[in-house]
Amino acid sequence: MSLASPIDSKLEGVVWKRTLKEPVLTYPALAGEESADIVVVGAGFCGLNVALAAAKAGQKVVLLEAGIVGSGASGRNGGYNVPHFPGPITPSAVEAMIGRKKGTALSELVLGGAGAVFRQIDSYQINCSAVQHGWVQPAHSDVSLAKIRKVFEEWKSWGADVTWLAPGDVASRLGAAGYIGGWLNPTGGTVNPYGLTIGLGRAATQEGVRIFERSPVDGIEESAGVVTVKAGPGWVRARRVIVATNAYTGDFLPQVQRSVVPVYLYHAATRPLRPELRASILPGGECFTDLRKSGGFGRLDDTDRLISGGAVFAFGNKQAYGVAHARNRMRQLFPQLTESDAEIEDYWEGYCAVTDAYLPHVQRLGKEVFAVVGFSTRGVNLAQNLGRVVGEFAAGTRSLDDVPVSVIEQRRDVPLWALKVRAARLVFPFYRAKDRLGLS
């Protein structure tokens with residue numbers, strides 16, 4: 001995959017494809033002329049929810065996907081449905097960045113978002129191995145303990161149903177070693193993300209959305225109140241366009257592509273754990289993500305595979321490096337694992353769109369052309385729920401000012417974008433050293 005063409009429709013190595021339960025649906029490529037009220041570009045979590053919400057509001061919606069439904073970040077992420085911002089970001093920090101009104105609304109969206117995702121899964125009967133047993137943010141160092149304690153206190157002051165965990169509580173809940181505290185939000189959980197995207201595609205078609213796969217957009221023209229979206233031999237004329245391609249934008253829309261850093265991540269899954277090990281690793285079914293930059297997170301899938309990962313170190317044999325790191329990190333977190341237990345059975349890679357602020361934003365690309373981008377590792381919750389809000393805006397039932405993120409009216413590239421993209425592929429050893437020294 002490259003930045004110019006990052007689409008991998010085969011999802012090679014992705015465990016979610018191998019353990020899929022939701023029936024795969026296929027959609028035609030765009031050919032000839034179509035008309036719609038709204039065109040959505042990108043069939044991931046965000047785009048599918050934009051299309052779904054707009055269709056439910058009575059709009060005629062066409063959704064265009066360059067690959068297949070869920071072939072980008074939405075189908076290959078870790079499947080963590082987290083009711084929190086990335087890392088140590090607090091609601092007060094969000095308000096400081098985007099203002100009180102939008103900051104409050106975004107925090108409310110995030111706090112209730114995990115539960116909303118599970119409710120939508122239930123309402124459309126999506127078979128994506130959804131498990132709502134809670135999410136834990138544990139601390140691996142004194143520095144991280146101070147940060148997550150502040151996060152916990154702020155969510156507690158919001159009235160969130162969160163619980164502080166002493167070291168022994170973390171150990172008993174996770175079966176993991178080395179944590180000195182943490183907090184739990186019971187509304188979090190896990191999904192098979194590829195299965196969820198496929199189910200959302202089915203739900204969207206039930207609501208009247210027309211989906212076209214293998215239809216990469218190569219032109220957007222706006223004139224006289226009509227936007228024409230071109231994709232190879234076909235085109236769609238519409239009133240409004242929402243681009244939801246995130247880290248898979250490629251070179252076609254540089255103003256969207258360069259507003260985020262596409263971070264190259266990997267995930268790795270073990271073979272199913274032995275029953276006696278399963279009883280001691282994540283015994284209550286929770287998932288967790290800590291503040292380590294070099295990857296401190298874990299979950300089980302419904303076949304009891306342990307899944308972890310980190311950032312791709314794109315130097316030499318990157319897969320061998322990633323597999324070795326994942327195995328070492330798993331055994332560090334769970335000393336009860338033997339070398340054989342930590343053998344990696346599945347390994348895969350993908351991009352994640354990260355903004356400078358670690359918060360998503362909306363970009364105005366034309367009078368009626370918008371992009372929403374930058375979910376910074378919180379796509380299962382935030383991409384879906386913000387997608388719904390943007391879909392309501394697209395349908396005209398909500399104003400742009402009511403979309404609770406920054407709206408960028410002119411092009412705003414990440415400073416030193418090209419350098420940061422390349423640095424992100426080489427910085428992983430530095431992250432490991434920083435974590436080892438307790439500085440994260």
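Since we're looking at a predicted model, the values are computed, not measured. For the single chain, residues carry numbers from 1 onward in sequence order.
In the displayed structure, R100 atom CZ is contacted under 6.0 Å by at most 12 heavy atoms of other residues, nucleotides or ligands. Heavy atoms from other residues, nucleotides or ligands lying under 6.0 Å from NZ of K293 number 12 at most. No more than 12 heavy atoms of other residues, nucleotides or ligands lie within 6.0 Å of OH in Y358, so this atom counts as exposed by the packing criterion.
Applying the side-chain hydrogen bond (donor to acceptor under 3.5 Å, both in side chains) criterion to S406, with sequence neighbours excluded, gives no partner residue. Here Y431 pairs with nothing under the ring pair (Phe, Tyr, Trp, His ring centres under 6.0 Å) rule; sequence neighbours left out.
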Open item on the list: Please determine whether ring-ring contact (aromatic ring centres under 6.0 Å, His included) holds for the pair W183 and H84, giving the CA-CA distance in whole Å, both sets of side-chain angles, and the decisive distance to 0.1 Å.
Closed with: CA-CA 12 Å; W183 63 281; H84 173 52; 5.7 Å; yes

Open item on the list: Between T338 and S340, is the side chain to side chain donor-acceptor pair (under 3.5 Å) condition met? List the steps.
Closed with: CA-CA 5 Å; T338 66; S340 176; 4.8 Å; no

- [ ] Please test V403 against L386 for side chain to side chain contact (heavy atoms under 4.5 Å, CB included), starting from the C-alpha separation and ending with a verdict.
- [x] CA-CA 8 Å; V403 178; L386 187 60; 4.1 Å; yes

Task: Residues S308, F297; criterion side chain to side chain contact (heavy atoms under 4.5 Å, CB included); working and verdict - done: CA-CA 6 Å; S308 190; F297 53 89; 4.2 Å; yes

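Evaluated for a ring pair (Phe, Tyr, Trp, His ring centres under 6.0 Å) with Y264, the options Y351, F428, F315 yield exactly one hit, Y351. With L196 as reference, C128 is the one residue of S74, C128, S129 to meet the side chain to side chain contact (heavy atoms under 4.5 Å, CB included) rule. With W135 as the fixed residue, the side-chain hydrogen bond (donor to acceptor under 3.5 Å, both in side chains) test singles out one of N381, N81, T289: T289.
Judged purely by atom type and a 3.5 angstrom limit, Y248 has no side-chain atom pairing as donor or acceptor with the backbone of A353.
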N/O donor-acceptor pairs under 3.5 Å from side chains in residues 40-50, not counting sequence neighbours:
| unit_1 | atom_1 | unit_2 | atom_2 | d |
| --- | --- | --- | --- | --- |
| N49 | OD1 | Q120 | NE2 | 3.0 |
| N49 | ND2 | F45 | O | 2.8 |
| N49 | ND2 | Q384 | OE1 | 3.3 |

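Electrostatic pairing of E339 and R331 counts as a salt bridge here, judged by a charged N lying under 4.0 Å from a carboxylate O.
The aromatic ring centroids of H325 and F313 lie 6.0 Å or more from each other.
Considering only heavy atoms from C-beta on, V117 comes within 4.5 Å of N385 through its side chain.
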